[in-house]
2 protein chains.
Amino acid sequence: MKSSRNASTIRDVARLAGVSVATISRYLNNSAPLSADTAERVQTAMTELDFTPHPAARSLASNKTYAIGLVLNDIGGEFYTPLLRGIESITSAEGYDLLIHSTRNNQPAKTALPKAIKRRPLSENNTDGLLIFINAVDEAELMRLKKINFPVVLIHQSSPKGLDIPMVTIENQSGGQQVVDHFIEEHSCKRIVFVQGPPDNEDSKAREKGYLLSLKNHGLPYDPELVIEGGFESAQAYEAVKGLIKRGLSFDAIFTGDDDNAIGVIQALNESGKRIPDDVAVAGFDDSLFARILTPPLTTVRAPNELVGAEATRQLVNLIRGENTPLRTVLPVEMIIRRSCGCKNPS
Amino acid sequence: MKSSRNASTIRDVARLAGVSVATISRYLNNSAPLSADTAERVQTAMTELDFTPHPAARSLASNKTYAIGLVLNDIGGEFYTPLLRGIESITSAEGYDLLIHSTRNNQPAKTALPKAIKRRPLSENNTDGLLIFINAVDEAELMRLKKINFPVVLIHQSSPKGLDIPMVTIENQSGGQQVVDHFIEEHSCKRIVFVQGPPDNEDSKAREKGYLLSLKNHGLPYDPELVIEGGFESAQAYEAVKGLIKRGLSFDAIFTGDDDNAIGVIQALNESGKRIPDDVAVAGFDDSLFARILTPPLTTVRAPNELVGAEATRQLVNLIRGENTPLRTVLPVEMIIRRSCGCKNPS
DNA sequence: CCGGTTACTGTAACCGGTTACATTAAGAGG
DNA sequence: CCTCTTAATGTAACCGGTTACAGTAACCGG
């Protein structure tokens, strides 16, 4: 049944050390100077009793939770694991607990409370700060959090206008631009297709902007017909490329919004008898695990996901401590040259 | 700075509803019958004040945390995302918070407490129960948890002798057996290689057992030279297969302990001029995301990772509620036939 | 009409920490 | 030697819930 917690309390320690509970607390939190002698007696007593402060009591009294919350819309995707890893390493190193909640299941989210009591699973009630992943909470909630001045860092999502919430993302635009630059400068491509992600996806939009910029910089015309929708899903990208070919459009390169798209793109090209990279150069974005084992190995852009998680968490910890952080952090990406773009001797 | 929590408390609600705090608490927890009239006044007052019970206070008074902890040695691998997803969906549906901690970083794990106070990041102090992933905590800690009768469910790991801790895993042995059965019965293989995972990995051992069993059932001899070490890593598997070929051993099929191994295996075979599946049939285990895009597409065994997470969590919730659960749950796997085994028209 | 339930509600102690305030002792300055 | 700080520590209120215990009113069977 209920594991009756009968661990020792701060009062036990105080008694054994022959001091008051306040002294113990001060020792725990370094909140006031203690004489060397007292400190030692306290430490001895704590070790003796194997004392661990009760988090709930600490939290109740100090109005801090020593926890950080991560909110995302869905747990899935390859970027997810390294991201979480980065987050966990910092929370853990900084002595915070990490709480995770997915907002995907719109299920009424039965709470521990029987009645219909509104309860936000992760909020100022049970965390000291929130990491919010793209599209995980709506703008109204962001406003509410901002209004009560609760520490929040957004990941891969810009702050809504006027809210000025710090955010961390990657160099999507520059990454996209590099890829297209490479197509044009190294492989003399002229008609380059861009495969978009989901319509509302900020990452995809920024990559597209890089695509457009590169075209412009090189004096190449922008043909809207060459921009198709892949939704970051291989099946959709497959269909989109098929359609492109059916409509008889000519092109000599495809920059897919992400690596998943690339799978569908490659399949569609293969089935249509187009050789990669000889007839069509291909490049993706993300450097997913499978990028190197595709045939041909995929040229792509590596996103530093673990770093994103770590950096966002670091910033959140700063906010919690009352320090300042930059409003916008954009982490660098790295282009990974393999064979799908036509390069001969990739590293 | 510190977001001063000035939300309303149970006493505010009591005052507004004209009842005592005990009544509010009873309403919250359904712990005693209330008159319809009172219940309504309480509900109205709570809505009016936008009342949310303070988790820490609740936790301190009731000696429950309403949180479940997940402990793993490292955050990584493909199985991880679906597993976590399964876990999160149940914790969330049951009204629990989900806490995550990785034991990888042996760093001294600086705590919120300045002094050297032993603090287990996830324990009976801040959770109501623990999900422990393979090799995440040592046996001593498991014993300690068992001794205080703390709810624990192990994932992909058997309970140490005598402790009788419930565990959830998948049909590794039967999965392995099915693969080898298939090699022998459908493709008339006679000399089948098994590529092991890490030496202490329980999953790998069970798969190997299935391999041995199938050989035996079909009257095929067991040749220890055909069992090599891949460590669940493609590079190591690559080397191991190379070594096999160099030593001049003959074989007509390879069952790789997992899909990662399969990548290295395929590469080694390709480089040695062996055709897949004509010269050597190949099959993996896991049905990783990339299995279908390997060349040829990989025959493998699908592990129901999300289900494992969900089922383990369900059992943990049962334990927390004081109910019983089976000591050993083994979830079924499904063999996925693709081309690498030699089948012509896989579904 | 009476003792015994049963339904409902209130009072106040308690969970285990933190911290404002008070107190004492020791050192500093004149 | 006296007053003023400063260091070190104790006392007790407080954080916001839960729940043991007690009390009241209505109900029930005989």
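Per chain, numbering begins at 1; letters A, B, ... match sequence-line order.
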Checklist entry - Roughly, in whole Å, what's the span from CD1 in A:Ile10 to P in D:dG10? => result 12 Å

Item to check | B:Ala57 vs A:Arg26, nearer the 5' end of DNA chain C by closest nucleotide | outcome: B:Ala57

Checklist entry - Can you say whether the rings of A:Phe133 and A:Phe79 are parallel (under 30°), tilted (30 to 60°) or perpendicular (over 60°)? => result parallel

Checklist entry - Got a donor-acceptor contact below 3.5 angstrom from the B:Asn73 side chain to the B:Ile134 backbone? => result yes

Next on the checklist: What contact category does B:Val19 fall into here, base, sugar-phosphate, or nothing, at under 4.0 angstrom with non-hydrogen atoms?
Outcome noted: sugar-phosphate

Checklist entry - What is the nucleic acid contact for A:Thr38, judged by heavy atoms within less than 4.0 Å: base, sugar-phosphate only, or nothing? => result sugar-phosphate

Item to check | Euclidean distance, atom NZ of residue A:Lys64 to atom C1' of C:dT18 [Å, nearest integer] | outcome: 9 Å

Item to check | Presence of B:Thr9 side-chain N/O under 4.0 Å of D:dG16 phosphate oxygens OP1/OP2 | outcome: no

Checklist entry - Is any N or O donor-acceptor pair between the side chain of A:Arg11 and the base of C:dG17 shorter than 3.5 Å? => result yes

Checklist entry - Does a side chain donor of either A:Thr47 or A:Gln43 reach within less than 3.5 Å of an acceptor in the other side chain? => result yes

Checklist entry - Counting heavy atoms not belonging to B:Asp200, are there more than 12 under 6.0 Å from its CG? => result yes

Checklist entry - What does B:Leu60 touch in the nucleic acid at a heavy-atom separation under 4.0 angstrom: a base, only the sugar-phosphate, or nothing? => result base

Item to check | Nearest-Å distance for atom pair CG/P, residues A:Asn63 and D:dG16 | outcome: 7 Å

Next on the checklist: Salt bridge or not between A:Lys146 and A:Asp164? Use side-chain N to carboxylate O under 4.0 Å.
Outcome noted: no

Checklist entry - Taking OH from A:Tyr27 and C1' from C:dT18, how many angstroms apart are they, rounded to a whole number? => result 18 Å

Checklist outcome for this item: Whichever of A:Ala61 and B:Leu34 has the more 5' nearest nucleotide on DNA chain C, that residue is B:Leu34

Item to check | Given C:dG17, C:dT18, D:dT9, the nucleotide with the shortest approach to the side chain of A:Phe51 | outcome: C:dG17

Next on the checklist: At less than 4.0 Å, is any side-chain N or O atom of B:Ser35 found next to OP1 or OP2 of C:dT9? Yes or no.
Outcome noted: yes

Checklist outcome for this item: Side-chain atoms of A:His54 come closest, of C:dG17, D:dT19, D:dT18, to C:dG17

Checklist entry - Between C:dT19, C:dA7, D:dT18, which one does the side chain of B:Pro33 approach most closely? => result C:dA7

Next on the checklist: Classify B:Ser25 by what it touches in the nucleic acid, base, sugar-phosphate, or nothing, heavy-atom distance under 4.0 Å.
Outcome noted: base

Next on the checklist: Once you apply a heavy-atom cut-off of 4.0 Å, does B:Ile24 come out as touching a base, just sugar-phosphate, or nothing?
Outcome noted: nothing

